[in-house]
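Note that the structure is predicted; figures quoted are calculated from it, not measured.
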Amino acid sequence: MKVIVDNKIPFIREAVEEIADEVVYAPGREFTPTLVKDADALIIRTRTHCNRALLEGSRVRFIATATIGFDHIDTAYLRKAGITWANAPGCNSGSVAQYLQSALLLLQQQKGRRLKDLTLGVVGVGNVGSKVVEVARELGMRVLLNDLPRADKEGAAGFSSLQQLAKECDVISFHVPLYKEGTYCTFHLADDGFFRSLAHRPVIINTSRGEVIDTQALLHALADGQVSDAIIDVWENEPDIHPELLEKTFLSTPHIAGYSADGKANATRMALDALCRFFHIEARYHIEPPQPPCTVIKADNLTDAALQMYDPRHDSDALKQHPEHFEQLRGDYPLRREKEAYRVLIKNEE
């Protein structure tokens, strides 16, 4: 069995080489029809677009993406071509929740936004959004949930409309997949009309897909004061991000909210598990992220502890200084660990 693997997927080399007879590594943007023609399987990230142009005439039978999202996969074509695919739902939910926790704590610390007095609207309450809800409630925030597919399936009780979030929320965070058409279309879900309907000059956070927010509409909303601040991890037209939006955001990061070592290990494990199931191979590998240099964190308070574990200002500063290095900053990201890797000691509680 021959497998082509994105060379930026961590923790995969030793494991996949136990499974496959031949493994070829390549940058995600350099998967070509010639490269994949005689491969049996591909393991990819979002930078590889799997469609007819790439796959027609190849012998590829299986594709695993080590990501939650799968809008880079032409699922309709794969179905017609008889190619099976798998993604990694929920793999980095803890990582995104960690990112949101640190971002919210920085809003409180640097902007004077007392979290216990704020209402957070979570748009998309799946694997990631549900973890964000937990974090926000632990911080004492009131939380409103918006998830149209879940509301249609489970009933409206417990869910709020997007219009209600616009009227009541001080912070609105997007955690939806990108659907460009259909009943649950999320392309430009936050458009001019949405921003004009906002009542509390909220902070807008996007860690889902860049195209969920209309960039020009967000810029106008920031300029007109309809939005007080923005925290943006995902961008339209990556890696060619909008320089004015980069300048105006409170935090700007290069699509790394889900890039903890734990999330990456989960994604790699899920991709390989799916590969093994498809080809009926016994999984004999063990994937575990490395321990951080210091596993004990001493802090004056829980905010300090959380920011010691992960402070998004470092990633934001790096991107704002060198936006032209977007792909490098993302591709060579120094993977962080989540809270389970640490023992936290609050100094006045020792």
Side-chain angles (χ1 to χ4, degrees), residues 6-10 26-32 42-51 53-54 63 65-74 87-88 91-92 95-96 99-100 103 123-124 128 173-181 185-191 204-219 221-222 230-260 263-264 267 312-336:
D6 185 309
N7 65 359
K8 293 298 184 182
I9 296 176
R29 289 186 178 275
E30 296 181 16
F31 278 51
T32 64
L42 311 179
I43 302 180
I44 62 167
R45 300 184 306 146
T46 56
R47 291 304 186 247
T48 301
H49 293 275
C50 291
N51 50 27
L54 178 67
I63 297 170
T65 180
T67 61
I68 291 176
F70 52 89
D71 47 282
H72 52 295
I73 295 176
D74 185 340
N87 62 327
C91 64
N92 62 2
S95 179
V96 178
Y99 179 98
L100 262 290
V123 184
V128 175
S173 189
F174 291 87
H175 303 282
V176 293
L178 178 63
Y179 296 129
K180 293 190 175 181
E181 56 187 18
C185 177
T186 57
F187 178 78
H188 285 185
L189 183 62
D191 58 8
I204 297 296
I205 304 175
N206 190 13
T207 58
S208 58
R209 284 290 183 265
E211 293 83 359
V212 168
I213 292 179
D214 182 333
T215 298
Q216 290 299 330
L218 176 56
L219 282 169
L222 285 164
I231 295 170
I232 302 296
D233 179 61
V234 291
W235 309 74
E236 287 196 284
N237 304 314
E238 291 179 14
D240 300 317
I241 62 179
H242 199 291
E244 186 180 354
L245 182 58
L246 177 68
E247 179 186 344
K248 289 187 174 182
T249 50
F250 174 56
L251 293 170
S252 302
T253 50
H255 202 150
I256 49 76
Y259 269 35
S260 70
K264 285 294 184 181
R313 287 175 294 188
H314 303 309
D315 294 323
S316 182
D317 290 345
L319 182 61
K320 287 189 175 187
Q321 289 169 14
H322 293 288
E324 73 278 9
H325 294 166
F326 187 100
E327 287 287 69
Q328 181 181 343
L329 291 169
R330 187 173 187 238
D332 297 331
Y333 187 69
L335 302 179
R336 63 185 189 272

Just checking, is any N or O donor in the side chain of [X] or [Y] under 3.5 Å from an acceptor N or O on the other one?
X      : Y      : result
Glu247 : His242 : no
His72  : Thr65  : yes
Ser95  : Arg336 : yes
Thr253 : Tyr99  : yes
Tyr259 : Arg330 : yes

Between [X] and [Y] (side chain of the first, backbone of the second, donor and acceptor by atom type, cut-off under 3.5 Å), is there such a pair?
X      : Y      : result
Thr249 : Leu246 : yes
Ser260 : Gly263 : yes
Asn51  : Leu54  : yes
Asp315 : Ala318 : no

- Message: Walk me through whether Ser173 and His175 qualify under side chain to side chain donor-acceptor pair (under 3.5 Å).
- Response: CA-CA 7 Å; Ser173 189; His175 303 282; 2.7 Å; yes

- Electrostatic pair Lys180:Asp71 at N-O distance under 4.0 angstrom: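 Answer for the salt bridge query: no.
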
For [X] and [Y], work out which heavy atoms get closest and say how close.
X      : Y      : answer
Ile231 : Ala103 : CD1-CB, 3.9 Å
Glu238 : Arg29  : O-NH2, 3.8 Å
Asn92  : Gly258 : CB-O, 3.3 Å
Ser252 : Lys320 : OG-CE, 3.5 Å
Thr48  : Gly28  : OG1-O, 2.6 Å
Cys91  : Thr67  : SG-C, 4.5 Å

- Task: Please step through side-chain contact (heavy atoms from CB on, under 4.5 Å) for the pair Trp235 and Leu245, ending with a clear verdict.
- Result: CA-CA 9 Å; Trp235 309 74; Leu245 182 58; 3.9 Å; yes

Could you measure the distance from the [atom1] atom of [X] to the [atom2] atom of [Y]? Nearest 0.5 Å is fine.
X      : Y      : atom1 : atom2 : result
His255 : Tyr333 : NE2   : OH    : 12.5 Å
Thr207 : Asp233 : OG1   : CG    : 6.5 Å
Leu251 : Asp317 : CG    : CG    : 9.0 Å
Asp6   : Ile43  : CG    : CD1   : 10.0 Å
Arg47  : His49  : CZ    : NE2   : 7.5 Å
Phe31  : Ile63  : CZ    : CD1   : 9.5 Å

- Message: Is there a side-chain contact (heavy atoms from CB on, under 4.5 Å) between Asp191 and Ile213? Walk through the geometry before answering.
- Response: CA-CA 6 Å; Asp191 58 8; Ile213 292 179; over 6 Å; no

- What do the steps show when you test His188 against Glu236 for side chain to side chain donor-acceptor pair (under 3.5 Å), and what is the final call? CA-CA 10 Å; His188 285 185; Glu236 287 196 284; 2.8 Å; yes

- Item | Audit row: Phe174, Ile204, side-chain contact (heavy atoms from CB on, under 4.5 Å) steps and yes/no | CA-CA 8 Å; Phe174 291 87; Ile204 297 296; 4.1 Å; yes

- Task: Please report the C-alpha distance between Ile241 and Leu319 in whole Å, then the side-chain angles of each, then the deciding distance to 0.1 Å, and finally whether the side-chain contact (heavy atoms from CB on, under 4.5 Å) criterion is met.
- Result: CA-CA 10 Å; Ile241 62 179; Leu319 182 61; 4.1 Å; yes

